[in-house]
S.K.: 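My questions all concern the structure below.
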Protein chains: 2
Amino acid sequence: MSPLQAASCCGPIDDLLDPELFKALCDATRARLVGCLIKCGRACSVSEVSECCSVDFSVVSRHLQLLERAGILTSAKQGRTVRYAVKYGPLCQTLRSLADAIAHYCPADQATPCSGGCCTPR
Amino acid sequence: MSPLQAASCCGPIDDLLDPELFKALCDATRARLVGCLIKCGRACSVSEVSECCSVDFSVVSRHLQLLERAGILTSAKQGRTVRYAVKYGPLCQTLRSLADAIAHYCPADQATPCSGGCCTPR
DNA sequence: TGTTTGTTTGCGTCATCATGCAAGTGTATT
DNA sequence: AATACACTTGCATGATGACGCAAACAAACA
């Protein structure tokens, strides 16, 4: 199959390769923010999160909004503070689905059946 | 634990959240190229790949180089043609490792033990 | 009501990057 | 050797985006 033919046959991989998720994580500052929130394991206010970054407070606020729109975080307003938390389940699910979708197209001669099956079709 | 404290305790998640991988996939054109190559399932020349995109040939060449540097593709030169292929194994492995690393920090009350364990620590 | 606190938004600036064109490099063919 | 082919690279341009500052907004508190 040629790449041109492959382009026209759609599958779950096309939705999972949506650039929005990757756009959210491609920035170093945002990656750091997400990393802190993941390791933190609880909902954090914007002020708290901004402590682990040297950028301006307003920048952190904007980054967190973007990460929420990308489906990585959730926000909950309590009084005047806004708490952001990682959506662990959906995030992991998306990454695993993407890995599965990619592995689905892996030719048999490249599949590694051993060690966790990183690339086992079906 | 505060986000600031979380920032200082390093783990595998910090390496896996490396923005380079996401930078490679955050562009719509590159995502499309990768999608075609994944579905294609074989090594393709630059000319072939450029057929499934409306952008200039040179742009595709640059994108493929970037994707190779990001560890998503491999290249092999045969005569005057260069063939790019998806590194299915490492790519899937990275995505799964990232999902595992994220799930590791998932608080117990958010874990979903059912249906494939999308967020099961360890 | 006025003030403080937590967060968002408008705006200007600078850097990065995707793109197309033209020119260059390297390899096969005649 | 000359030409054609596959690809890469230099350069200019336009668009996107990260950032900081200041102002605005909203909720609690005096």
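Reminder, nothing fancy here: chain letters follow the sequence lines and each chain counts from 1.
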S.K.: For A/A103 and B/C92, which heavy atoms make the closest approach, and how far apart are they?
M.R.: N-SG, 3.7 Å
S.K.: For A/R62 and C/dG12, what is the distance between atoms CZ and P respectively, to the nearest whole Å?
M.R.: 13 Å
S.K.: Any chance you could measure A/L91, atom CG, to B/I102, atom CD1, to the nearest 0.5 Å?
M.R.: 4.0 Å
S.K.: Can you list, in residue-number order, the parts of residues 39-59 of chain A that come under 4.0 Å of DNA chain C, counting heavy atoms only?
M.R.: A/S45, A/V46, A/S47, A/F57, A/S58
S.K.: At a heavy-atom distance below 4.0 Å, what parts of residues 64-79 of chain A sit against DNA chain C?
M.R.: A/Q65
S.K.: Is the base of C/dT5 touched by the side chain of A/R80 through a donor-acceptor pair closer than 3.5 angstrom?
M.R.: yes
S.K.: For A/S47 and A/F57, which heavy atoms make the closest approach, and how far apart are they?
M.R.: CA-CE1, 3.5 Å
S.K.: For A/I38, is there any backbone N or O sitting under 3.5 Å from a side-chain donor or acceptor partner on A/Y88?
M.R.: yes
S.K.: Who passes side chain to side chain contact (heavy atoms under 4.5 Å, CB included) against A/T81, sequence neighbours left out?
M.R.: A/Q78, A/R83
S.K.: For residues 13-22 of chain B, please give each side-chain donor-acceptor pair under 3.5 Å, one per line with the distance, not counting sequence neighbours.
M.R.:
from  : atom 1 : to    : atom 2 : distance (Å)
B/D14 : OD1    : A/K39 : NZ     : 2.8
B/D14 : OD2    : A/K39 : NZ     : 3.1
B/D14 : OD2    : B/G11 : N      : 2.8

S.K.: What residues form a side chain to side chain contact (heavy atoms under 4.5 Å, CB included) with B/T74, not counting sequence neighbours?
M.R.: B/K87
S.K.: Counting only N and O atoms by type, is there a donor-acceptor contact under 3.5 Å from the side chain of B/Q110 to the main-chain atoms of B/P107?
M.R.: no
S.K.: Is A/R32 salt-bridged to A/D27, going by a charged N under 4.0 Å from an acidic O?
M.R.: no
S.K.: Got a sec? Which of residues 13-34 of chain B come in under 4.0 Å of DNA chain C, heavy atoms?
M.R.: B/D27, B/T29, B/R30
S.K.: Backbone N or O of B/H63 within a donor-acceptor pair of the B/R30 side chain at under 3.5 Å?
M.R.: no
S.K.: Under 4.0 Å from OP1 or OP2 of D/dG17: is there any side-chain N or O of A/H63 that close?
M.R.: no
S.K.: Looking only at N and O atoms, is any donor in the side chain of A/R83 or the base of C/dG6 less than 3.5 Å from an acceptor on the other one?
M.R.: no
